[in-house]
Amino acid sequence: MRAELPHIAADILMCLRARAPRVHCITNAVAQHFTANTLLAAGAVPSMTLSPDEIGAFVARADALLVNLGTFDAERRAAAAAALEVAAERRIPWVLDPVFIDRSAARADYARSLVAQNPDAVRLNGAEFTALSGDEPEDAALARTARETRAVMALTGTVDRISNGTQQTRIENGHPLMARVTAMGCAASALTAAFLAVESDAFKAVASALLCFGVAGGIAGERASGPGSFPAALLDALYALDKHTLEEKARVT
């Protein structure tokens, strides 16, 4: 699939733009604005209510769900419980983003309880992976954790590594400025949920989403003058992303 991934990603991105799936995001306060704009730039539709009176109805009509632990408060925990109940009933794909679980034992325990509820994908960095699995973020541990959890593991960083336990791919796109702007990883997780909404093969969906985000980040890095202009350049690049650009710039191994 490595050589084919740019073509697969382009096809899924076109499908996403045609269907405009709605992604309900339980995400942290810092990330909400950029996450919403990332989904809109790609062609998806965000919603973000946490209200106990309406979150069930919102999730029931959503095509995918994101649960991000970046703001670990009671309101979001209650919202996640209600949302995951609806997602399980309706088989709505969902992504867990276990932000900063390496900083707090309570947050790590909570993340493990969410993994037991069968997310389709988990997007995280190396420190978060170690806190979640107890292993170093090596390829074998990534594959083993994917098999044990039955979730696609998406470990992002300078090189993104994606595994479903039997297949693994590496994406070397992106730009150093992505680490200098808040909410980049959170937005990548939301985009992953959007791709899962239109592609039933979770490995293809996750790898394609991260390839699109990485290629857009690389283009943005060529155009931006610093961290201030980078987010706008990334949104523009994601909005304009096409098959030719993906094929030309993808660095997949």
Open item on the list: On a heavy-atom basis, which atom in P231 and which in V181 lie closest, and how many Å separate them?
Closed with: CG-CG1, 3.6 Å
Task: Contact summary for V59 and A87, nearest pair of heavy atoms - done: CG1-N, 4.2 Å
Open item on the list: Can you confirm whether V122 sits close enough to P98 that some side-chain heavy atom of one is under 4.5 Å from a side-chain heavy atom of the other?
Closed with: yes
- [ ] Determine, using the 4.5 Å side-chain heavy-atom cutoff (strictly less than), whether I92 and L191 are members of one ILVMFWY cluster.
- [x] no
Using distance only, find each side-chain donor-acceptor pair of residues 210-228 under 3.5 Å and give its atom names and separation, not counting sequence neighbours.
from : atom 1 : to   : atom 2 : distance (Å)
S225 : OG     : S229 : OG     : 3.3

Open item on the list: Please check: side-chain N/O of E138 versus main-chain N/O of A140, any donor-acceptor pairing under 3.5 Å?
Closed with: no
Task: For the student: nearest non-hydrogen atoms of C186 and L66, plus distance - done: O-CD2, 4.2 Å
- [ ] For the residue pair N28 and F72, establish whether any side-chain heavy-atom pair is separated by less than 4.5 Å.
- [x] no
TODO: Please check if V95 and V23 belong to a single hydrophobic cluster, counting links between Ile, Leu, Val, Met, Phe, Trp and Tyr side chain heavy atoms closer than 4.5 Å.
DONE: no
Task: Side-chain heavy-atom pair V67, L114 within 4.5 angstrom cut-off - done: yes
Task: Side chain N68, main chain I26, donor-acceptor under 3.5 Å - done: no
Open item on the list: Just so I know, are the side chains of N125 and F100 near enough to count as touching, which here means a heavy-atom distance under 4.5 Å?
Closed with: no
TODO: Spell out, yes or no, whether L238 and M178 are grouped together once hydrophobic residues are joined by side-chain heavy atoms under 4.5 Å, including indirect joins.
DONE: yes
- [ ] Give a yes or no on whether V99 and F34 share a hydrophobic cluster (residues Ile, Leu, Val, Met, Phe, Trp, Tyr; joining criterion: side-chain heavy atoms under 4.5 Å apart).
- [x] no
Open item on the list: Test of understanding: clusters of I, L, V, M, F, W, Y form through side-chain heavy atoms closer than 4.5 Å, transitively. Do L40 and L16 belong to the same one?
Closed with: no
Task: Which atom of P6 lies closest to which atom of E247, heavy atoms considered - done: CB-CA, 4.0 Å
Open item on the list: In the structure I gave you, are the side-chain heavy atoms of T130 and D135 within less than 4.5 Å of one another anywhere?
Closed with: no
Task: NZ/NE/NH1/NH2 to OD/OE distance under 4.0 Å, D63 and R22 - done: no
Task: T35 and N37: side chain donor to acceptor below 3.5 Å - done: no
Task: Polar side-chain atom of E85 near backbone of A82 as donor-acceptor pair, under 3.5 Å - done: no
- [ ] For the residue pair L50 and R76, establish whether any side-chain heavy-atom pair is separated by less than 4.5 Å.
- [x] yes
- [ ] Hey, could you give me the CG/OG distance between L142 and S133, rounded to the nearest 0.5 Å?
- [x] 8.5 Å
- [ ] Can you run down the ring-ring contact (aromatic ring centres under 6.0 Å, His included) pairs that involve residues 112-156, sequence neighbours left out, and say none if there aren't any?
- [x] none
- [ ] Hey, could you give me the CZ/CE distance between F58 and M48, rounded to the nearest 0.5 Å?
- [x] 12.0 Å
Open item on the list: Determine whether a donor-acceptor pair (N or O, by modelled atom type, separation under 3.5 Å) exists between the side chain of R107 and the backbone of D102.
Closed with: no
Open item on the list: Can you confirm whether L5 sits close enough to I171 that some side-chain heavy atom of one is under 4.5 Å from a side-chain heavy atom of the other?
Closed with: yes
Open item on the list: What's the separation between atom CG in L246 and atom CG in D11, rounded to the nearest 0.5 Å?
Closed with: 10.0 Å
Open item on the list: Before you tell me yes or no, could you show the steps for D97 and L69 under side chain to side chain contact (heavy atoms under 4.5 Å, CB included), namely the whole-Å CA-CA distance, both residues' side-chain angles and the distance that decides it to 0.1 Å?
Closed with: CA-CA 6 Å; D97 187 340; L69 306 187; over 6 Å; no
TODO: Any salt bridge (charged side-chain N to carboxylate O under 4.0 Å, His left out) involving residues 148-161? Give me the pairs, sequence neighbours left out, ordered by first then second residue.
DONE: D139-R161
Open item on the list: Does L124 form a side chain to side chain contact (heavy atoms under 4.5 Å, CB included) with L132? I'd like the steps, not just the answer.
Closed with: CA-CA 10 Å; L124 70 183; L132 183 71; 4.1 Å; yes
- [ ] State whether the side chain of D120 and the backbone N or O of W94 hold a donor-acceptor pair below 3.5 Å, judged by distance alone.
- [x] yes
TODO: Hey, could you give me the NE2/NZ distance between H244 and K249, rounded to the nearest 0.5 Å?
DONE: 8.5 Å
Open item on the list: So does G43 get a backbone contact from the side chain of R17, meaning a donor-acceptor N/O pair under 3.5 Å?
Closed with: no
Task: N164/R147 under side chain to side chain contact (heavy atoms under 4.5 Å, CB included): CA gap, chis, key distance, verdict - done: CA-CA 7 Å; N164 64 359; R147 287 192 297 272; over 6 Å; no
- [ ] Using modelled atom types only, decide if a donor and an acceptor are shared between the side chain of Q168 and the backbone of S163 within a distance under 3.5 Å.
- [x] no
TODO: Could you grab the distance from atom CD1 of I162 to atom CZ of R170, nearest 0.5 Å is fine?
DONE: 10.0 Å
TODO: Go through the side-chain N and O atoms of T49 and E54 and say whether any donor and acceptor fall under 3.5 Å apart.
DONE: yes
TODO: Identify the two heavy atoms, one from P21 and one from V198, that lie closest to each other, and give their separation to 0.1 Å.
DONE: CG-CG1, 3.9 Å
Task: Separation of T145 OG1 from M153 CE (nearest 0.5 Å) - done: 6.0 Å
Open item on the list: If you apply the rule side chain to side chain contact (heavy atoms under 4.5 Å, CB included), what do you find for Y110 with R77, and how did you get there?
Closed with: CA-CA 9 Å; Y110 180 57; R77 291 181 66 164; 3.7 Å; yes
TODO: Would you mind reporting whether F195 and K204 have side-chain heavy atoms less than 4.5 Å apart?
DONE: no
